[in-house]
Amino acid sequence: MPAFRAIDPAGLPKHFEAPAAEGRWDAEWERLGVHAYDPSRSRDETFVVDTPPPTVSGSLHVGHIFSYTHTDVIVRYQRMRGRNIFYPMGWDDNGLPTERRVQNFFHVRCDPRLPYEPGLLLEPATPARLKELPRIVSRPNFIELCQRVTGEDEEAFKTLWRRLGLSVDWRQEYATIDVRSRRLAQLSFHDLFRKGHVYSLEAPTMWDVDFQTAVAQAEVEDRPVRGAFHQVAFDVEGTSERFLIATTRPELLPACVGVTAHPDDTRYQHLFGRHALTPLFRVPVPIFPSELADPTKGTGILMVCTFGDATDVIWWREKRLALRQVLGRNGRFVPVPFGSPGWESADPAAASRAYEPLRGKTVSGGREAVVAALREAGALEGEPKPIEHAVRFYEKGDRPLEYISTRQWFVRLLDKKDALLARGEEIAWHPDFMRLRYRNWTENLQVDWCISRQRYFGVPFPVWYPLDAQGAPDHEHPIVAAPEAMPVDPMTDTPPGYEPAQRDRPGGFSGEPDIFDTWFTSSLTPQISSAWLLDLDRHRRLFPADIRPQSHEIIRTWAFYTIAKAHLHEDTIPWQHVVISGWILDPDRKKMSKSRGNVVTPMHLLDEYAADGVRYWSAGARLGTDTVFDEKVMKVGKRLVTKLFNAGKFVLAQSGDAHGIDAELDRAFVARLATLVATVTAAHEEFDFARALMETESFFWHDFTDTFLELVKVRARDGEPAARGSAVGALRLGLSVLLRLFAPVLPYITEEIWAWAFAEETGCPSIHRAPWPGARDFAAIPAPAAEGSFEVAVACLAAINRSKSEAGVSVGRGVRRLGIAAHPATLERLRPVLADVAAAARVEAYDLEPAATLADGVVEVRTPEFVAAMEA
RNA sequence: GGGCGGUUAGCUCAGCGGGAGAGCAUCGGCCUUACAAGCCGAGGGCCACUGGUUCGAUCCCAGUACCGCCCACCA
């Protein structure tokens, strides 16, 4: 008869020393390779995570802990199911935040036209050496500096992630600006170009006048802005008639190229086909009908300018109106030649005089000047009427977007809406309603994806343009770099067939100075991990991925573009599941964000509540649900850890012979345990880790420690060998199963307890590679003889406890004799477990009192005689 | 304006056709050889509102209100 090896509780620490254990296990997991991806195993055994690369230049806050814990809980569950886990970590160092950070750190700016200087920053980078850096550096040098700065940021994240216990395979790291990412982004462009999915076009594009770059629809947001309706009088050419248009942008009057009203609007029908003369500038512009004009807005008739808004762009395109671009890329009025072709005026001299004060002014300055001039000319009807209206802004910008005609690169998506919608339906969204966000966005897509940015830090377009004899670029025949040469920087590298000396010379070539939209690279995270086009075998084993964890506000960007890329490149979906974490709200229910200044940094929380305690808080929130930041929940988590520690110590300190689990109460307990396992497993299969945790916790606390453990305690210590062995066996099985159910959420405490006995016993050195509990754990244990014998035992113990509580005596107080009243059927079920109940409650003698009036399952206690306090 | 989610005990949330629940907080009791970082108990709710379906509605349907989010709204 094998015996249970009992541990000596005296040899264990008094308390769970979390920080020390966290460091120890982190190192041990590394040593054992617990988190290592095994490239030799097949795809269907593998679970692939498309981890969100955090923006390294951003601040660390509890929101990070929250969503990354969700992913880790899912991953740890899958690992215990035997899956080969691919769980990488990327660092997003592309984009404006890093650009600004590098500028500020090194006090340098980037000029892509400068030649690369190898070894510009010599190590170590002492302050003196930093001072010697040139103020302006080439793009390759700027990228090197970026990698230096972000390296430190990455370390901070990595330290936090490791402490938190993220089971990332740290051999699978990448950065969005590293060589492989740059190469893949350019390969992606090459593939799209080859397939005809990208094109460049000179057209009005949404433009941020401060960042001086084009932006995509996905980066645009509407903000309410105070403005005013100005009623401006226009003359009708060849008549003495006047009409009033209403505009919020009077400064664009010199850019007016037409006037329109609704075709059914009787007030203006007679004007269609005629020309209007703009005030001040006396420019003749056509008056035409349009369904897009709203008769109820303003005066019902409005001026079309190049460009006041998106509708102006539509009219300009459809009616083939003139292009009179008065705003430059910096948002200021540029000089314009009234009287020359395209700038016709009935009075060019007056027009030029009227325009002169605008030159060099900003939009708001120009507005004041035009309004003043209109007022003086008697063309302003009444006073401007203040209104609040929505205006488009670049999400990072401070001034409204302008539509400015520039040459940009686009990915053709509008004609693929249906296919992209179908892709969205192929993917499982968690929670499911999040798919509507995707659907909604895709259906409402207005323009193709503008992927070029007029910034200098990022992944460059791998493109040059041939120059003709006059030195003008031929945009229709771009030279795209060869895949094997990538990554290239066209501003420093030379295209095939040309000499460096031919750069920017007639008959030579010119590099494309633009960089990709950061999402152009970020939308490849699954392919960056899988080394698409670089390692075909690896790619096949890792793509498409299983899960994409992310937050809901970037469904229209990150999720959408990633789906689009996978569709365009390989005609597939990028992952099977999207799991969406909610936001962390501060106590005022506002989203926690750096800009709001309500951010809670995470490190001290780990110190105070231990990684497991903080993870407990995170894992309690269901996917898609916003959660109020609440330290009290972490406190509860910490208490759970302590309870596990103590329960584990107690259970493993019990000794006995392993006779097999055959006592009725133990069998009934095991049956309940098996039900729990089924429930928790089903919850995890639906990514409902919150429910899994709740069920496990409630069972552990109530069924295990408060009842079962109390009920069998005496038998486990003093019982006959067989009865004792059954009790100890059931306790150990319960502990082993519960530890494994808790392991995804509480990796440290469960590993610690596992190591005391189960590691050796099972041959699984880490609980995180131990098999998930299941039928195998319960196969040898017979089903209970009676349904519900566990429940009646609990009810009976509770009834006795209640009588003690009412009498104000300790639960430990002995009972000389009492009556146990219950329905006869209940008493029948109680009989085989009564000895355990009596022992636990310290009842010396009892009388069973059948009571048919009581409901089945109810147990009442009659006339308890407590042992006197003295005797106790 | 369109779409989505929410509204359940003081707080944070589960439940989703027949019993209104958990944790925290509150109150009372208890040192009981795993754990006082604990244990045993108790109180507390027209399940937002109005209709409908049903033998029966917190749960299903319709509508209203409020909170939040996503999108649209530049004359």
Side-chain angles (χ1 to χ4, degrees), chain A residues 9 12 14-16 221-225 227 229-232 245-249 252 259-261 292-294 297-305 307-312 387 389-393 400-401 403 431 433-441 443-444 446 552-553 555-556 582-583 585 587 589-591 617 620-622 624-628 630 632-633 635-636 638-654 690-691 694-695 697-698 701-702 705-706 709-710 713 717 797-798 800-814 840 842 872:
Chain A
L12 292 174
K14 190 96 179 81
H15 304 290
F16 179 52
E221 65 185 27
D222 291 348
R223 293 181 204 160
V225 164
F229 263 128
H230 301 71
Q231 298 207 346
V232 179
I245 60 105
T247 182
T248 55
R249 301 205 60 183
L252 290 179
V259 167
T260 187
L292 296 176
D294 182 349
K297 273 196 181 174
T299 56
I301 189 162
L302 66 133
M303 66 170 180
V304 178
C305 307
F307 296 93
D309 62 24
T311 340
D312 280 350
I387 54 157
H389 60 160
V391 177
R392 285 186 161 173
F393 282 77
L401 289 170
Y403 282 83
F433 67 80
M434 288 296 179
R435 77 168 64 247
L436 295 172
R437 301 270 180 104
Y438 174 82
R439 200 185 291 163
N440 198 264
W441 174 256
E443 280 169 352
N444 291 313
Q446 300 298 317
H552 49 75
E553 81 277 15
I555 287 175
R556 66 172 178 171
W583 285 343
L585 309 176
R589 303 218 161 242
K590 293 276 180 285
K591 187 194 173 190
W617 163 73
R622 283 141 63 238
T625 306
D626 294 345
T627 297
V628 178
D630 188 358
K632 281 187 303 197
V633 179
K635 213 165 157 180
V636 174
K638 190 181 177 182
R639 285 210 323 234
L640 172 62
V641 168
T642 303
K643 188 79 174 175
L644 270 164
F645 183 83
N646 287 314
K649 203 151 67 166
F650 174 78
V651 168
L652 293 174
Q654 307 306 309
R691 167 126 195 272
M694 199 194 75
E695 296 282 350
E697 181 189 15
S698 142
W701 214 285
H702 182 255
T705 65
D706 287 352
L709 197 146
E710 293 299 332
K713 199 179 238 188
R717 193 184 57 216
L797 180 64
I800 299 169
N801 281 341
R802 199 173 305 119
S803 73
K804 289 178 180 174
S805 189
E806 279 163 7
V809 304
S810 151
V811 177
R813 183 76 67 90
R842 298 173 198 206

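Values below: all heavy atoms of this structure, side chains included; hydrogens, waters and symmetry mates excluded. This structure is a prediction, so every number in the text was calculated from the model and none was measured. Below, read A as the first sequence line, B as the second, and so on, with proteins coming before strands; counting in each chain starts at 1.
Taken to the nearest 0.5 Å, the CG atom of Leu585(A) stands 12.0 Å off from the CG atom of Asp630(A).
Using a 4.0 Å heavy-atom criterion, one finds that Arg439(A) contacts no nucleic acid atom at all. Across all strands shown, Arg691(A) has no heavy atoms under 4.0 Å from either base or sugar-phosphate atoms. If you check every strand for non-hydrogen atoms under 4.0 Å, Ile800(A) touches nothing. Residue Phe393(A) is classed as having no contact, given no heavy-atom separation below 4.0 Å to the nucleic acid. Within the nucleic acid shown, Phe645(A) has no heavy atom closer than 4.0 Å to any nucleic acid atom. Within the nucleic acid shown, Gly808(A) comes within 4.0 Å of sugar-phosphate atoms alone, with no base atom in reach, counting heavy atoms only. Here Ile555(A) lies out of heavy-atom contact (under 4.0 Å) with every strand.
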Pair Arg249(A)-Asp312(A), side chain to side chain contact (heavy atoms under 4.5 Å, CB included): steps then yes or no: CA-CA 12 Å; Arg249(A) 301 205 60 183; Asp312(A) 280 350; over 6 Å; no
Please assess Lys713(A) against Glu710(A) for the test side chain to side chain contact (heavy atoms under 4.5 Å, CB included), listing each intermediate value before the final yes or no. CA-CA 5 Å; Lys713(A) 199 179 238 188; Glu710(A) 293 299 332; 3.2 Å; yes
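Looking at heavy atoms from C-beta onward, Phe16(A) lies in side-chain contact with Val641(A) at the 4.5 angstrom threshold. Side chains of Phe650(A) and Leu709(A) form a contact here, defined as non-hydrogen atoms less than 4.5 Å apart. Using a 4.5 Å heavy-atom threshold, the side chains of Asn444(A) and Arg556(A) count as separate. Counting only heavy atoms from C-beta outward, the side chains of Leu302(A) and Thr260(A) approach each other to under 4.5 Å.
Of the C1' atoms belonging to C16(B) and C73(B), the separation is 37 Å, rounded to the nearest Å. Taking the C1' atom of each, G1(B) and C61(B) are spaced 25 Å apart, rounded to whole Å. U58(B) and G45(B): their C1' atoms are spaced 11 Å apart (whole Å). Across the C1' atoms, G2(B) and G21(B) are found 37 Å apart, a figure rounded to whole Å. For the C1' atom pair drawn from U26(B) and A9(B), the interatomic distance equals 12 Å after rounding to whole Å. For the C1' atoms, the distance from G5(B) to G52(B) is 24 Å, rounded to whole Å. Across the C1' atoms, G18(B) and A57(B) are found 10 Å apart, a figure rounded to whole Å. Using atom C1' as the reference point in both C13(B) and G6(B), the two lie 12 Å apart (nearest Å).
Rounded to an integer number of Å, the gap from CG of Asn444(A) to C1' of G2(B) is 8 Å. Rounded to whole Å, the distance from CG on Leu709(A) to C1' on U32(B) is 13 Å. Summarising the geometry, the separation between CD on Gln446(A) and P on C71(B) is reported as 13 Å, rounded to the nearest angstrom. If you take CZ of Arg813(A) and P of U32(B), they are 9 Å apart, rounded to a whole angstrom. Between the CG atom of Asp630(A) and the P atom of A25(B) there is a distance of 11 Å, given to the nearest Å. One can place CG of Leu640(A) at 11 Å from P of C24(B), the figure rounded to the nearest angstrom. Atom CZ in Phe433(A) sits roughly 9 Å away from atom C1' in C69(B) (whole-Å rounding). Spacing between atom CZ of Arg437(A) and atom P of G2(B) amounts to 17 Å, rounded to whole angstrom units.
Using a 4.0 Å cut-off between charged side-chain N and carboxylate O, Arg691(A) and Glu695(A) make a salt bridge.
Between Arg842(A) and U33(B) there is a side-chain polar atom (N or O) within less than 4.0 angstrom of OP1 or OP2. Contact annotation: Arg392(A) side-chain N/O to C73(B) OP1/OP2 distance is under 4.0 Å. Between Arg556(A) and C71(B), a side-chain N or O to OP1/OP2 separation shorter than 4.0 Å is present.
In this structure, Lys297(A) forms no cation-pi arrangement with Phe229(A), as its terminal cationic atom is not both closer than 6.0 Å to the ring centre and no more than 45° off the ring axis.
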Nucleotide-resolved protein contact map, nucleotides 35-42 of chain B, B/S/- at heavy-atom distance under 4.0 Å: B-BSSBS-
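The shortest non-hydrogen separation linking Arg392(A) to Tyr403(A) is NH1-OH, 2.7 Å. Between Phe393(A) and Arg223(A), the shortest heavy-atom contact is CD2-NH1, 3.2 Å.
For Asp309(A), the listed nucleotide lying nearest its side chain is C74(B); candidates were A34(B), C69(B), C74(B). Closest contact between the side chain of Ser810(A) and the listed nucleotides C74(B), A34(B), U32(B) involves U32(B).
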Dot-bracket notation for RNA chain B is requested: 5' to 3', Watson-Crick or G-U wobble pairs only, both distances under 3.5 Å, with ( ), [ ], | and . as defined. ((((((((.[[[[.).....]]]].(((((.......))))).....(((((.......))))))))))))....
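Comparing Lys297(A) and Gly812(A) against RNA chain B, the residue whose closest nucleotide sits nearer the 5' end is Gly812(A). Remark on RNA chain B: of its neighbouring residues Thr627(A) and Ala647(A), the 5'-side contact belongs to Thr627(A), judged by nearest-heavy-atom nucleotide.
Partner of His552(A) under the ring-ring contact (aromatic ring centres under 6.0 Å, His included) criterion, chosen from Trp583(A), Phe433(A), Tyr438(A): Trp583(A).
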